[in-house]
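Right, one structure below, let's go through it.
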Amino acid sequence: MKYIKYVDFKLGKIGIVEENGKIVKIVIINKNDENNKNADDFVEKDTKLLVKAKNELEEYFDGKRKEFDLPLKQEGTEFQKKVWNALSKIPYGETRTYKEIAKMIGNEKASRAVGMANNKNNIPIIIPCHRVIGSNGKLVGYALGLDMKQYLLDLEIKNK
């Protein structure tokens with residue numbers, strides 16, 4: 001059974017999804033995209049973990065939390081897991097390019113594959129794929145939308 005808890009913030013509402021005692025997904029509720037299509041498949045419930053996750057996300061949006069302390073589980077290839085692990089090491093309020101992430105995981109020529117792994121990240125914000133930018137310093141490709149990416153980066157820079 002998958003459970004969901006909602007968090008309201010400036011840009012809308014997000015859902016945090018738990019399955020078997022781990023956070024498995026973040027969904028943006030106010031968007032009509034792939035990330036949101038299965039939101040009705042979850043049962044709304046206040047589990048201990050979801051309440052903790054909601055509190056941590058609210059603290060993040062208030063600029064008081066810089067790191068999350070939640071058990072996560074994400075299905076993916078070994079390559080994707082390496083990328084997601086590397087994303088989690090980008091410090092709060094900082095960015096890295098896709099190429100820098102590729103170098104971090106030992107595959108300097110895998111910039112595009114890093115971008116694809118970012119796109120498959122089901123736990124955005126907590127696994128901070130929003131901190132990855134193009135080599136020209138511009139915001140590119142974010143599954144939750146570039147407005148959300150800019151909002152998250154601005155939030156972190158302001159509260160660094």
Side-chain angles (χ1 to χ4, degrees), residues 7 9-19 22-39 49 52-160:
V7 178
F9 73 110
K10 186 177 180 179
L11 292 186
K13 183 188 268 192
I14 62 174
I16 313 159
V17 180
E18 171 190 349
E19 183 177 31
K22 303 216 188 257
I23 301 300
V24 296
K25 191 169 185 124
I26 298 286
V27 294
I28 300 299
I29 304 306
N30 295 347
K31 286 191 71 150
N32 251 347
D33 66 356
E34 287 296 319
N35 196 43
N36 186 33
K37 284 191 176 163
N38 298 321
L49 176 58
K52 180 179 191 235
K54 178 183 187 286
N55 290 339
E56 287 194 14
L57 276 166
E58 287 174 340
E59 290 168 358
Y60 171 82
F61 289 125
D62 288 341
K64 298 174 184 166
R65 175 170 290 277
K66 305 211 178 351
E67 293 181 15
F68 294 93
D69 181 31
L70 300 164
L72 308 176
K73 182 174 186 215
Q74 198 163 200
E75 299 295 327
T77 66
E78 286 306 310
F79 179 84
Q80 289 169 334
K81 290 176 182 179
K82 281 183 185 178
V83 171
W84 300 329
N85 185 49
L87 299 178
S88 296
K89 294 177 181 168
I90 304 171
Y92 181 93
E94 295 185 20
T95 58
R96 298 291 183 270
T97 65
Y98 292 96
K99 186 171 186 170
E100 288 172 321
I101 298 298
K103 285 180 183 178
M104 285 173 69
I105 64 168
N107 194 343
E108 186 176 338
K109 297 185 185 215
S111 298
R112 286 184 183 211
V114 166
M116 294 304 295
N118 271 13
N119 186 271
K120 298 292 185 192
N121 176 17
N122 283 325
I123 313 174
I125 304 170
I126 296 172
I127 297 177
C129 52
H130 62 277
R131 296 179 187 155
V132 183
I133 59 173
S135 59
N136 61 1
K138 297 199 185 242
L139 301 187
V140 292
Y142 190 57
L144 304 181
L146 293 181
D147 288 346
M148 173 69 91
K149 188 171 193 168
Q150 187 67 63
Y151 172 81
L152 296 171
L153 291 172
D154 289 346
L155 173 80
E156 292 184 8
I157 290 167
K158 180 177 108 181
N159 294 299
K160 190 171 178 184

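The structure displayed is predicted, hence computed values, not measured ones.
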(request) Provide the closest heavy-atom pair for Phe61 versus Ile125 in the form atom of the first, atom of the second, distance. (result) CZ-CD1, 4.0 Å

(request) Check whether any side-chain heavy atom of Val27 lies under 4.5 Å from a side-chain heavy atom of Ile14, and answer yes or no. (result) no

(message) Has Lys64 got a side-chain atom pairing as donor or acceptor with Asn159's backbone, closer than 3.5 angstrom?
(response) no

(request) Rounded to the nearest 0.5 Å, what's the gap from CG on Asn118 to CD1 on Ile127? Could you check? (result) 10.5 Å

(request) State, to 0.1 Å, how close Pro71 and Leu49 come at their nearest heavy-atom pair, and which atoms those are. (result) CD-CD1, 3.6 Å

For residues 80-90, please give each side-chain donor-acceptor pair under 3.5 Å, one per line with the distance, not counting sequence neighbours.
{"residue": "Gln80", "atom": "OE1", "partner": "Thr77", "partner atom": "N", "Å": "2.8"}
{"residue": "Trp84", "atom": "NE1", "partner": "Ala117", "partner atom": "O", "Å": "2.9"}
{"residue": "Ser88", "atom": "OG", "partner": "Trp84", "partner atom": "O", "Å": "3.1"}

(request) Considering non-hydrogen atoms only, spot the tightest contact between Lys138 and Ile133 and give its length. (result) O-CB, 3.6 Å

(message) Within the 4.5 Å heavy-atom criterion, are Lys10 and Tyr151 side-chain neighbours or not?
(response) yes

(message) Between Arg65 and Glu59, does any NZ, NE, NH1 or NH2 come within less than 4.0 Å of an OD or OE carboxylate oxygen?
(response) yes

(message) Nearest 0.5 angstrom please: Ile23 CD1 to Lys73 NZ, how far?
(response) 13.0 Å

(message) Side chains of Val24 and Glu75, heavy atoms from C-beta outward: is any pair under 4.5 Å?
(response) no

(message) Tell me whether Lys52 contacts the main-chain N or O of Asp69 through its side chain, where contact means a donor paired with an acceptor under 3.5 Å.
(response) yes

(request) Could you grab the distance from atom CG of Leu152 to atom CD1 of Ile157, nearest 0.5 Å is fine? (result) 11.0 Å

(message) Around atom CD of Glu67, are there more than 12 heavy atoms from other residues, nucleotides or ligands closer than 6.0 Å?
(response) no

(request) State the NZ-OG distance between Lys99 and Ser135, to the nearest 0.5 angstrom. (result) 8.0 Å

(message) Between Glu156 and Tyr60, is there a side-chain donor-acceptor contact under 3.5 Å, judged purely by atom types and distance?
(response) yes

(message) For Asp147, is the CG atom crowded, meaning more than 12 foreign heavy atoms sit under 6.0 Å from it?
(response) no

(request) Provide the closest heavy-atom pair for Val7 versus Lys54 in the form atom of the first, atom of the second, distance. (result) CG2-CG, 3.5 Å

(message) The test is side chain to side chain contact (heavy atoms under 4.5 Å, CB included); show your working for Leu57 and Ile16 and say whether it passes.
(response) CA-CA 9 Å; Leu57 276 166; Ile16 313 159; 3.4 Å; yes

(request) Would you please name every residue forming a salt bridge (Lys or Arg N to Asp or Glu O under 4.0 Å) with Glu19, sequence neighbours left out? (result) none

(message) Distance check, rounded to the nearest 0.5 Å: Leu153 atom CG versus His130 atom NE2?
(response) 5.5 Å

(request) Rounded to the nearest 0.5 Å, what's the gap from CG on Asn119 to OH on Tyr142? Could you check? (result) 11.0 Å

(request) Could you point out which residue of Leu139, Thr97, Ile101 forms a side-chain contact (heavy atoms from CB on, under 4.5 Å) with Val132? (result) Ile101

(request) For Ile123 and Lys25, work out which heavy atoms get closest and say how close. (result) CG1-N, 4.1 Å

(message) For Cys129 versus Asn121, what's the shortest heavy-atom pair and its separation?
(response) SG-ND2, 3.2 Å

